[in-house]
Each structure stands twice: as C-alpha cells, then as structure tokens.
2 protein chains.
Amino acid sequence: MVKIKKEKSTEDKILAAAKKIFLKKGMAGARMQDIADEAGINKAMLHYYFRNKDKLFEVIFLDAAEKFFPKVNYIFEAEMPLFEKIEYFCDEYISILVENPYLPVFVLNEINRDLEGFLTNIWKKDRLPRPQKFLEQIEREIKRGTIKRISPVQLIMNLISMTIFPFVGRAMFQYNMNIDDMQFRMIMEQRKKEIPKFIIDSIKK
Amino acid sequence: MVKIKKEKSTEDKILAAAKKIFLKKGMAGARMQDIADEAGINKAMLHYYFRNKDKLFEVIFLDAAEKFFPKVNYIFEAEMPLFEKIEYFCDEYISILVENPYLPVFVLNEINRDLEGFLTNIWKKDRLPRPQKFLEQIEREIKRGTIKRISPVQLIMNLISMTIFPFVGRAMFQYNMNIDDMQFRMIMEQRKKEIPKFIIDSIKK
DNA sequence: GTCTATAATTTGATAGAC
DNA sequence: GTCTATCAAATTATAGAC
C-alpha cells in the first residue's frame with residue numbers, strides 16, 4: 001500500500017528541527033532541548049543519531065554553507081558575457097536567499113566566531129568561493145574598453161554586498177522602514193533586476 | 001604626585017574586556033570567566049560591578065549600537081546636497097567601521113537573535129536609523145530630474161549594503177581573495193571614494 | 001529505536017574572609 | 001574593593017528498561 005502521508009524519518013525530523021533552531025539561535029545559543037522539542041521527540045534521540053551537539057551542528061553548518069556558497073562558483077566560473085553573468089548571479093542568488101533568508105547571518109556569524117576552527121578543520125577548500133575567473137573577466141573587459149576602469153575587487157565587493165546584505169540587515173531595514181515580510185519579499189524580487197541595472201549603468205561606457 | 005602610568009579603574013578594565021569578548025563570541029557564546037581572565041581580575045568582580053551577565057551585556061550592546069547607528073541619523077538628516085551626502089556618509093561611516101570592524105556582525109547578529117527583546121525593550125526608538133528625510137530627498141531629486149528614476153528604498157539599500165557588508169563578510173573576502181589585514185584596510189579606505197563614485201556614475205543623468 | 005531517569009559538566013551567581 | 005571557596009541552575013550526555 002502506498003503511503004499517503006509522507007512520514008518523515010526520525011533523522012529527518014531531527015535535521016529539520018536542528019536547522020531551524022541553529023539558524024535562529026546560533027551554535028552557542030541553541031539548546032539540545034529546544035531541538036528535541038521542535039522535532040517532537042526525546043532529547044536522547046539526538047545523541048543516538050548524532051552523538052553530540054558539535055557533530056549535529058557540523059552537519060547543519062556544512063549543509064548551510066553548501067547552499068550559501070557553491071552556487072557562487074558555478075556562476076563565477078561560467079562561460080558567459082560579463083553583464084549577463086551579473087544578471088544571472090543576482091537572479092540565482094537572491095532566489096536562494098529568499099527561500100533561506102537566515103542563511104547569510106548564520107553562516108557569516110559562525111565563521112567570524114570560530115575562524116580557525118572552521119576554515120582549517122571542518123571546511124574544505126573547495127567549498128569556498130573562487131572568484132578568480134570572475135576577477136580576470138572584469139580585467140579583460142576593462143582592457144577591451146567595454147567598461148570603465150574600476151578595481152575588480154571593488155566591483156565584486158559591490159555586487160556581493162548589494163546582493164547579500166539586505167538579508168543580513170533585514171531586521172533593521174524592516175523595523176525602521178516599516179516594511180512587512182510580504183513587502184520585503186517583493187523588494188528582493190525587484191532587486192534581481194535592480195542590482196544588475198544599477199551596476200551596469202555605473203560601469204558601462 | 002602625578003601618575004605616569006594611567007592605571008585603568010577596575011570598572012574600565014571590565015568594560016574593555018567585556019567589549020572584546022562579547023564582540024567576538026556574542027552574548028550566548030561569551031563566558032563570564034573569559035571576561036574576568038581578559039580583564040585580569042576575579043569573576044566575582046564582574047557581579048560586584050554589574051550585577052549579572054545580562055546587565056553587563058546590555059551596557060556593551062547599547063554602547064555598540066550607539067556607535068553603529070546614531071551617526072547615520074546625523075548624516076541622513078543633514079541639510080546637504082544628495083551627492084555630497086552620499087560622499088559624507090561613506091567617508092564617515094567607513095571610518096567608524098575601520099576602527100570597529102566587528103561592530104556590524106555583532107550588532108546585526110544580536111538583533112536577529114532576539115528581535116523582540118532588544119528592539120522593543122532595551123532599545124529606544126531614537127537610537128534607530130531614521131532614513132525618512134533621506135528617502136524624501138531622493139524623491140525630490142528624481143522629480144527635479146537631476147538623477148534617474150530609481151526606487152529610493154533600493155538606492156538606500158545599495159548605499160548601506162556596499163558600505164557595511166565588507167565588514168560582515170570580511171573573513172570570507174580575506175580568506176578566499178588572499179587579502180591580509182593591511183590590504184583590507186587599504187581597500188576600505190579606497191571605498192570611501194569608490195562607493196560614491198560608483199553610485200553617482202549609476203544614477204546621475 | 002525510543003523512552004525515562006540520572007549522571008556529569010559547565011557556568012552564572014553568591015557568601016564570607018580579608 | 002578584592003579574593004577564595006562554594007552553591008545553584010542550566011545543559012550536555014549517558015545508562016538502562018522496554
């Protein structure tokens with residue numbers, strides 16, 4: 001007989017709950033009890049499946065980093081004209097962040113907290129963004145004379161900053177510009193087109 | 001007799017230590033013992049001077065928020081031409097952040113962690129940014145025809161994002177672009193001019 | 001696999017001598 | 001004001017029955 005209700009396995013329930021709690025509270029602020037409650041199971045189960053808090057966190061963090069970064073490389077290293085690449089980057093990346101709005105502040109905060117730990121041990125080199133090709137592409141376009149002279153590093157910082165920061169400062173923006181969740185989502189949708197336009201208007205000759 | 005060595009009072013030593021530890025570890029991750037060790041004093045002293053961890057954190061957080069935000073209002077509400085204001089904002093704000101590079105990730109993270117708590121209780125309304133006047137100024141310039149049509153909210157998000165985000169994503173940028181502390185500082189100095197140029201090139205008619 | 005009960009550890013907070 | 005010693009609470013982790 002085919003199951004109608006797709007019952008999640010206990011492990012999946014734990015992972016979903018852990019993701020929610022860790023992303024909201026961070027590693028240090030999260031409580032194993034909160035995760036167990038959220039998953040609707042017993043605290044002992046967490047240890048049965050994931051041994052300890054560190055291990056559970058590692059799974060969640062790597063999964064989050066996986067979502068947060070690798071798409072970047074795919075886009076950065078694609079064979080595509082510069083302007084098109086900028087448009088593609090904003091569209092793809094904002095789509096991810098709209099679906100996972102707490103990702104940036106979570107990942108970036110944990111990295112800042114324990115740099116050595118993550119970068120040297122947990123984290124593999126190939127998970128990190130590799131902007132090299134993108135930087136070179138910008139330099140080529142400058143030499144070719146299709147865009148204005150600008151430091152490639154500055155340009156890439158502008159692009160990434162405008163794309164990610166609204167999600168980091170979301171609470172601040174929403175609170176003091178009186179923007180509700182629906183409006184925020186709409187503004188982010190607009191940014192998919194707005195950021196590329198803003199950049200291209202600035203650098204095109 | 002005049003003191004040559006300016007010996008810090010115990011309270012000042014605690015405040016300096018608490019600032020360092022809280023900014024690095026966050027509220028949840030910071031340990032009272034770490035703060036005591038950093039200050040070179042006993043743990044009991046912390047409670048003698050500040051009663052408990054919450055109170056001590058509150059002092060540090062409000063001080064940090066004070067540095068992080070109010071300058072914004074001063075600039076946002078100044079009587080000044082738009083382009084000049086954008087230049088002034090970047091210059092002033094990046095100067096603050098260069099001297100306090102951990103401020104943004106600390107403040108924004110804590111806000112995200114405990115929205116209701118801080119924003120409604122601890123935090124006074126008048127500490128938050130008030131972008132209203134700035135938004136209106138942008139609209140006026142658009143109607144006047146001096147700049148291109150652009151959503152004021154989008155423009156202000158771009159400005160703030162480009163200014164603050166490099167400090168939030170600093171670890172990421174430095175690690176995978178092979179940028180050392182000195183170079184980072186230099187790049188931020190350049191951004192004081194680079195961001196206004198980038199924006200003005202984009203929106204000027 | 002799942003639960004209850006409990007151990008072990010960490011950590012914020014206090015008591016009391018000096 | 002400052003310290004040592006200690007307590008109390010919170011939190012992670014495990015033992016053992018089912």
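Atoms considered below: every heavy atom in the structure, side chains included; atoms not considered: hydrogens, waters and symmetry mates. Below, read A as the first sequence line, B as the second, and so on, with proteins coming before strands; counting in each chain starts at 1. It should be emphasised that the depicted structure is a prediction, and the values quoted were computed from it without experimental measurement.
- When distances run from any side-chain atom of A/M32 to the nucleotides D/dT12, C/dA13, C/dG1, the shortest one goes to D/dT12.
- As judged by a 4.0 angstrom heavy-atom cut-off over every strand, B/Y49 is placed among residues touching the sugar-phosphate backbone only.
- One can place CE of A/M45 at 13 Å from C1' of D/dA13, the figure rounded to the nearest angstrom.
- Following rounding to the nearest Å, A/I14 (CD1) and C/dG1 (C1') show an atom-to-atom distance of 11 Å.
- Residue-level contact check: A/A30 touches the backbone only, with heavy atoms under 4.0 Å from sugar-phosphate atoms and none from bases.
- Here the P atom of nucleotide C/dC3 and the CG atom of A/L46 are 11 Å apart, to the nearest Å.
- Regarding A/K25, its NZ atom lies at a distance of 14 Å from the C1' atom of D/dA10, rounded to whole Å.
- Residue A/N42 is in base contact, counting any heavy-atom pair closer than 4.0 Å across all strands shown.
- In this structure, A/M27 atom CE and D/dT11 atom P are separated by 14 Å, rounded to whole Å.
- Taking atom CG on A/N52 and atom C1' on C/dA7, their separation rounds to 17 Å, with Å as the unit.
- Under the 3.5 Å distance criterion, with hydrogens and angles disregarded, no donor-acceptor pair is assigned to the side chains of A/N112 and B/R170.
- Remark: B/H47 is not in phosphate contact with C/dT14, judged by side-chain N or O atoms under 4.0 Å from OP1 or OP2.
- Side-chain rings of B/F89 and B/F76 approach one another, their centers coming within less than 6.0 Å.
- The side chain of B/K43 has C/dG12 as its nearest neighbour among C/dG12, D/dT2, D/dA13.
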Mind running ring pair (Phe, Tyr, Trp, His ring centres under 6.0 Å) on B/F184 and B/F173 for me, showing each step along the way?
-> CA-CA 9 Å; B/F184 182 80; B/F173 283 126; 7.9 Å; no
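- If you look at B/F106 and B/F167, their ring centroids are not closer than 6.0 Å.
- Considering only the side chain of A/A44, D/dA15 comes nearest among D/dA13, D/dT2, D/dA15.
- Atoms CD (A/Q33) and P (C/dT9) sit 20 Å apart, rounded to a whole Å.
- For D/dT12, the OP1/OP2 oxygens have a side-chain nitrogen or oxygen of A/R31 closer than 4.0 Å.
- D/dA10 atom C1' lies 14 Å from atom CG of B/D54, rounded to whole Å.
- Residue A/K53 places its side chain closer to D/dT12 than to any other of D/dT12, D/dT14, D/dT4.
- Side chains of B/S202 and B/K148: a donor-acceptor N/O pair is absent below 3.5 angstrom, by distance only.
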